[in-house]
Amino acid sequence: MTEEPQEHDSEEIAAKSAVNAGPGAPRQNALRLVAAALILRGAEVLICQRRPDQPMALQWEFPGGKLEPGESPEAALKRELEEELGITATVGPRVTHIRHNYRHGGAVDLQFFAVYEFEGEIENRIFHEVKWVRLEDLPSYDFLAADRGLIRDLAQGKLL
Ligand SMILES: Nc1nc2c([nH]c(=O)n2[C@H]2C[C@H](O)[C@@H](COP(=O)(O)OP(=O)(O)OP(=O)(O)O)O2)c(=O)[nH]1
């Protein structure tokens with residue numbers, strides 16, 4: 001699903017989802033606010049493979065993670081890139097915003113940002129594998145379901 005959701009303030013989304021979830025609601029119903037990076041190097045982008053012990057094992061994703069309460073998506077992404085890859089990134093423009101409902105895993109609200117510059121060497125700290133791939137080759141990787149429309153668009157030269 002690549003439809004653009006209506007633009008919302010992240011905190012507003014978090015507040016609404018907390019109200020909707022209610023006190024005894026299962027955790028997986030909470031909307032997860034996530035920021036992820038398209039780290040670009042010429043015609044290539046960095047992709048990351050989830051570990052065999054994680055949910056959605058061995059599927060590919062872009063580095064990033066959940067926003068902490070009160071954190072902006074850009075700040076969350078900078079923090080996650082430091083934690084996951086050991087780099088200090090300059091978070092560039094937002095490329096797209098995707099909402100997706102995982103069949104058994106609740107909803108995610110994903111904001112993707114371009115990263116054209118970073119300091120430090122990429123170091124794989126948490127993934128099964130990290131890899132630079134050409135944008136046109138992205139569709140040959142098994143990506144998380146939420147990312148598939150984005151993958152198609154990137155491979156077709158759209159968005160960037
Ligand atoms: N980092 C990242 N997460 C993504 C992408 N696409 C996508 O659906 N997600 C989902 C997977 C996770 O449910 C969530 C990111 O959470 P996380 O990175 O903080 O932690 P996690 O994978 O252990 O996920 P969780 O089980 O705690 O929800 O967003 C993507 O391209 N990059």
Side-chain angles (χ1 to χ4, degrees), residues 1-5 8 10-11 13-14 17-18 20-21 25-41 44-87 89 91-116 118 122-135 137-156 158-160:
M1 288 223 317
T2 48
E3 294 86 54
E4 276 281 313
H8 288 291
S10 304
E11 287 178 24
I13 292 175
S17 102
N20 292 343
R27 203 192 81 78
Q28 69 265 30
N29 286 346
L31 177 63
R32 280 160 292 162
L33 302 180
V34 176
L38 304 175
I39 306 179
L40 296 153
R41 184 180 78 176
E44 295 178 320
V45 63
L46 191 83
I47 65 171
C48 303
Q49 191 176 30
R50 295 170 69 85
R51 294 188 313 272
D53 59 315
Q54 281 182 292
M56 308 189 277
L58 298 175
Q59 286 191 292
W60 293 84
E61 64 182 11
F62 295 101
K66 292 189 281 287
L67 277 60
E68 289 177 356
E71 199 176 34
S72 69
E74 290 89 347
L77 187 53
K78 197 173 164 93
R79 174 181 52 70
E80 292 280 355
L81 295 179
E82 180 81 54
E83 291 170 9
E84 297 179 347
L85 299 170
I87 58 170
V91 177
R94 193 172 77 165
V95 173
T96 191
H97 186 183
I98 296 168
R99 277 277 185 97
H100 183 83
N101 291 307
Y102 279 105
R103 214 171 281 262
H104 301 293
V108 285
D109 178 278
L110 292 155
Q111 299 191 61
F112 289 87
F113 294 85
V115 170
Y116 295 103
F118 60 84
I122 302 241
E123 199 187 303
N124 177 9
R125 294 188 173 172
I126 63 151
F127 297 103
H128 188 57
E129 194 184 339
V130 304
K131 195 169 180 176
W132 291 101
V133 300
R134 295 179 65 80
L135 294 173
D137 293 334
L138 285 171
S140 55
Y141 293 86
D142 180 22
F143 266 84
L144 291 178
D147 295 13
R148 289 178 197 156
L150 169 62
I151 292 306
R152 205 170 41 237
D153 287 348
L154 292 171
Q156 290 173 0
K158 298 180 189 163
L159 296 174
L160 292 173

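In listed order, ligands and their atoms are each counted from 1. Predicted model, so just to flag it, every value in this text is computed and none were measured.
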Is the shortest distance from a heavy atom of Phe143 to ligand 1 less than 4.0 Å?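 For ligand 1, residue contact (heavy atoms, under 4.0 Å) with Phe143 is absent.
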
Under 4.0 angstrom from ligand 1, any heavy atom of Arg50? yes

Before signing off on this row, confirm whether Glu80 and ligand 1 have an N or O atom pair separated by under 3.5 Å.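 N/O-N/O distance under 3.5 Å: no.
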
Check this for me - ligand 1, Phe62, N or O atoms closer than 3.5 angstrom, yes or no? yes

Please identify which atoms of ligand 1 are closer than 4.0 Å to at least one heavy atom of [X].
| X | value |
| --- | --- |
| Gly64 | 1 (N), 18 (O) |
| Ala146 | 8 (O) |
| Phe112 | 31 (O) |
| Leu144 | 4 (C), 5 (C), 6 (N), 7 (C), 8 (O), 9 (N), 11 (C) |
| Leu110 | 4 (C), 5 (C), 6 (N), 7 (C), 8 (O), 9 (N) |
| Tyr102 | 7 (C), 8 (O) |

Is a side-chain N or O of Gln49 found less than 3.5 angstrom from the main chain of His128, in a donor-acceptor match? no

Given Ile151, Ile47, Leu33, Val34, identify the one with the heavy atom nearest to atom 15 (C) of ligand 1.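 Closest candidate by heavy-atom distance is Val34.
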
Candidate with minimal heavy-atom separation from atom 20 (O) of ligand 1, of Lys66, Glu84, His100, Arg32: Lys66

Answer yes when Arg79 and Glu82 have at least one side-chain N-carboxylate O distance shorter than 4.0 Å, and no when they do not.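 Looking at Glu82 together with Arg79, the answer is no, because their closest N to O distance does not fall below 4.0 Å.
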
Pick one: which of Ile87, Ile126, Ile47, Leu85 meets side-chain contact (heavy atoms from CB on, under 4.5 Å) with Pro63? Leu85

Which heavy atom of Gln111 sits nearest a heavy atom of Pro73, and at what distance?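 Smallest heavy-atom distance, with atoms named: NE2-CG, 3.6 Å.
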
Please name the pair of heavy atoms, one in Ala37 and one in Phe62, separated by the smallest distance, quoted to 0.1 Å.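 Where Ala37 meets Phe62 most closely, the heavy atoms are O-CB, 3.3 Å.
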
Taking the cut-offs as 6.0 angstrom to the six-membered ring centre and 45 degrees off its axis, would you call Arg50 and Trp60 a cation-pi pair? no

Pair His100 + Tyr102: ring centers closer than 6.0 Å: yes

Rounded to the nearest 0.5 Å, what's the gap from NZ on Lys66 to CG on Leu31? Could you check? 11.5 Å

